[in-house]
Amino acid sequence: MREMIIEKLKSIVGQENIKTDYDELERYSKDETSSVEPSVPIAVVFVNNAEQVSDILKLANQYKIPVTPRGAGTGLSGGAIPKKDGIVLSLEKMNHILELDLENMAVVVEPGVITDEIQKLAEENGFFYAGDPASSESSSIGGNVAENAGGVKVLKYGPTAFHVLGLEVVLPTGEIVNFGGKMMKNVMGYDMIRLFIGSEGTLGVVTKIILRLIPKPKYSAVLLTPFGDMETAVSCVPKVLCESGILPTSIELMDRYSVEISSKFLNDNIPQQGVDCHLIFEIEALDKESLTRAYISLGEKLQQMGALEVYIADNRHQKMKIWKFRKAIAEGIIAFRPKHCMEDVGVPIKAIPALIRSTYDIARENGVEVLNFGHVGDGNVHVTFLKPETMNEEQWENSMHRSLEKLYHITANLGGTMTGEHGVGIKRKDYLNIFLTQTEIQLMKKIKQAIDPNNILNPNKIFPDRI
Ligand SMILES: Cc1cc2nc3c(=O)[nH]c(=O)nc-3n(C[C@H](O)[C@H](O)[C@H](O)COP(=O)(O)OP(=O)(O)OC[C@H]3O[C@@H](n4cnc5c(N)ncnc54)[C@H](O)[C@@H]3O)c2cc1C
């Protein structure tokens with residue numbers, strides 16, 4: 001059967017676009033998620049167009065083969081990890097920018113384009129693509145759509161969904177459908193674009209994306225603010241948002257340990273590195289004078305609220321240095337603390353101090369270490385539990401699960417979500433019912449069943465094995 005399927009796949013994409021040797025399969029057996037076991041598929045198939053995707057999905061339906069779409073494999077919930085008896089459908093060769101339509105402020109791309117390329121192209125033409133996950137140099141736009149990726153600019157510009165005008169999708173049964181276009185408004189029936197965005201490769205394979213561009217913000221400044229204690233820092237986030245009259249592009253948190261890890265990863269430093277935590281604010285303005293007024297006013301408020309100092313970066317080099325430092329935290333954790341569990345909970349902004357406080361209690365009660373960083377301005381915190389050196393594997397597994405369960409219950413009680421941007425995938429599926437009722441989960445399952453009757457597309461994701 002396996003050989004027959006591989007022959008049929010070769011006839012669709014050509015011999016050169018299939019990998020079956022173990023080393024290659026092993027590479028596609030995992031993503032960047034730490035706490036999920038890899039799983040080696042029977043083949044990796046590289047597609048070049050929507051018709052090939054369609055033919056593969058028709059074949060998969062005929063023989064009931066699980067298919068896992070894959071972008072760049074940077075996911076943090078195990079979404080691109082295949083089933084052992086399944087195939088990986090790699091979109092990485094569909095990496096062309098198809099059209100830059102400046103008169104309509106839109107760009108049309110294939111899913112395998114790396115996000116950073118879109119940002120650069122927009123900027124070179126005086127425009128701005130506002131999707132900005134910290135992984136923008138390595139993740140694909142198709143993966144961003146499938147996960148509804150967030151990032152450091154969500155506070156002002158929203159997650160990926162806010163920038164998608166249209167999609168071409170190959171349904172699990174092989175039909176090719178198109179929703180949306182280059183227009184800004186569209187209420188023609190159900191919002192199908194939103195249904196596919198964030199569906200984690202379970203409802204369709206995205207093969208073309210129309211993205212919205214906006215005018216490039218003229219001036220911006222980044223404020224780096226060290227705080228002597230975490231409580232003071234996070235308490236000023238809701239106050240800044242509600243009282244300053246300024247909507248920053250970003251408010252990011254880096255606790256002391258996150259700063260240490262990033263510093264080690266980059267072999268670089270930032271001011272006042274030993275303090276409890278730093279907040280980063282980015283603000284934008286139409287002219288230099290308004291920008292200066294805004295950062296002076298914000299800086300004064302932050303000092304009144306307890307910031308130890310306010311460092312202002314208003315040239316490209318200084319701003320990039322701060323953002324590079326912030327964006328390297330996740331890479332540093334992956335590199336230096338491979339036994340970790342990076343979470344992605346989101347709460348209403350007023351609940352941020354309570355959420356952060358609870359993470360220290362959870363860590364202490366379960367004997368693990370914890371660090372906190374992330375997008376505090378939109379309530380999304382990457383609470384990360386770390387295995388202490390002295391703890392053995394079995395103790396770590398148990399402590400990690402207990403810590404996660406407690407974190408999720410607290411988050412749910414604060415009115416929050418289990419995942420703000422990384423998705424449920426395999427990693428979090430068994431905890432879904434802490435947040436959703438049986439009726440809510442069943443409604444989602446009915447949608448999956450209607451679109452994918454044979455359950456072949458990324459079948460082992462999102463839903464708990466037992467509910
Ligand atoms: C260092 C680091 C920093 C990160 N920072 C952020 C961040 O700031 N914000 C954030 O949101 N995430 C972040 N991530 C997570 C990750 O980069 C995002 O989830 C990203 O969107 C995944 O894109 P990808 O191309 O790597 O997708 P993959 O990992 O390949 O796949 C992710 C999911 O999308 C599905 N998929 C991929 N392509 C398609 C397609 N064309 N059609 C249908 N389904 C598809 C897969 O099946 C899978 O379920 C970070 C990851 C790392 C390693």
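Indexing begins at 1, ligand by ligand and atom by atom, following the structure's order.
For Val205, no nitrogen or oxygen atom sits less than 3.5 Å from a nitrogen or oxygen atom of ligand 1, counting backbone and side chain alike. Checked by distance only, ligand 1 and Gly143 come closer than 3.5 Å through their nitrogen or oxygen atoms.
The nearest protein atom to atom 31 (O) of ligand 1, hydrogens excluded, is given as Ala80 CB, 3.8 Å; this is a heavy-atom distance. From the protein, the heavy atom lying nearest to atom 25 (O) of ligand 1 is Ser140 OG, 2.6 Å. Protein heavy atom in closest approach to atom 37 (C) of ligand 1: Gly71 N, 3.5 Å. For atom 35 (C) of ligand 1, the closest heavy atom belonging to the protein is Ala146 CB, 3.5 Å. Nearest protein neighbour of atom 9 (N) of ligand 1, counting heavy atoms only, is Glu421 OE2, 3.1 Å. Protein heavy atom at the shortest distance from atom 43 (C) of ligand 1 is Gly204 O, 3.4 Å. With respect to atom 6 (C) of ligand 1, the closest heavy atom belonging to the protein is Ala134 N, 3.8 Å. For atom 44 (N) of ligand 1, the closest non-hydrogen atom of the protein is Gly201 CA, 3.3 Å.
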Show, in sequence, the C-alpha distance, side-chain angles and deciding distance for Thr160 and Asn144, and conclude whether the side chain to side chain donor-acceptor pair (under 3.5 Å) test is met. CA-CA 7 Å; Thr160 303; Asn144 292 179; 4.9 Å; no

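The side chain to side chain contact (heavy atoms under 4.5 Å, CB included) test with Glu282 is passed by exactly one of Ser250, Pro217, Pro248: Ser250.
Tyr257 and Phe373 have their aromatic ring centers separated by at least 6.0 angstrom. Between Tyr129 and His163, the distance from one ring center to the other falls under 6.0 angstrom.
Ser77 does not count as a contact of ligand 1, since none of its heavy atoms falls under 4.0 Å from the ligand. At a 4.0 Å cut-off, at least one heavy atom of Leu91 sits close enough to ligand 1 to count as contact.
Proximity annotation for atom 49 (O) of ligand 1: of Glu200, Met342, Lys461, Glu200 comes nearest, heavy atoms only. The heavy atom nearest to atom 47 (O) of ligand 1, considering only Gly142, Gly151, Pro69, Ser90, is found in Pro69.
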